Amino acid sequence: MRMDNIEMFQDTLRILKQGSYKVNGRAVGLKLPKKAMETIHVLLPEDVQDICSRTD
């Protein structure tokens with residue numbers, strides 16, 4: 001399972017770097033511009049739970 005996750009992560013990084021991926025031999029370009037990808041923040045379930053539990 002861990003190796004599957006690592007391979008999927010590496011594949012995702014490759015796709016982000018290339019700006020496209022292939023489906024049935026056809027290249028599909030990513031719609032999100034590279035600059036926007038660089039500013040994305042990933043929230044893990046624990047992060048969301050922490051944010052939701054705040055009372056401030």
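Since we're looking at a predicted model, the values are computed, not measured.
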Mark yes when over 12 heavy atoms from residues, nucleotides or ligands other than Glu38 sit less than 6.0 Å from its CD; otherwise mark no. yes

Considering all heavy atoms, the nearest Met37-Leu32 contact: CE-O, 3.1 Å

What are the two closest non-hydrogen atoms of Gly29 and Ser20, and how far apart are they? CA-CB, 3.9 Å

Counting C-beta onward and ignoring hydrogens, is there a side-chain heavy-atom pair between Leu30 and Gln18 closer than 4.5 Å? no

Asp11 side chain reached by Tyr21 side chain, heavy atoms, under 4.5 Å: no

Do Ile6 and Phe9 share a hydrophobic cluster, counting only Ile, Leu, Val, Met, Phe, Trp and Tyr and linking them when any side-chain heavy atoms are less than 4.5 Å apart? no

For Ile40 and Ala36, the nearest pair of non-hydrogen atoms, with its separation, is CG1-O, 3.3 Å

Quick one about Arg14 and Gln10 (side-chain donor to acceptor, distance below 3.5 Å, no hydrogens or angles considered), yes or no? no

Can you measure from CG (Asp50) to CG (Leu44) and round to the nearest 0.5 angstrom? 11.5 Å

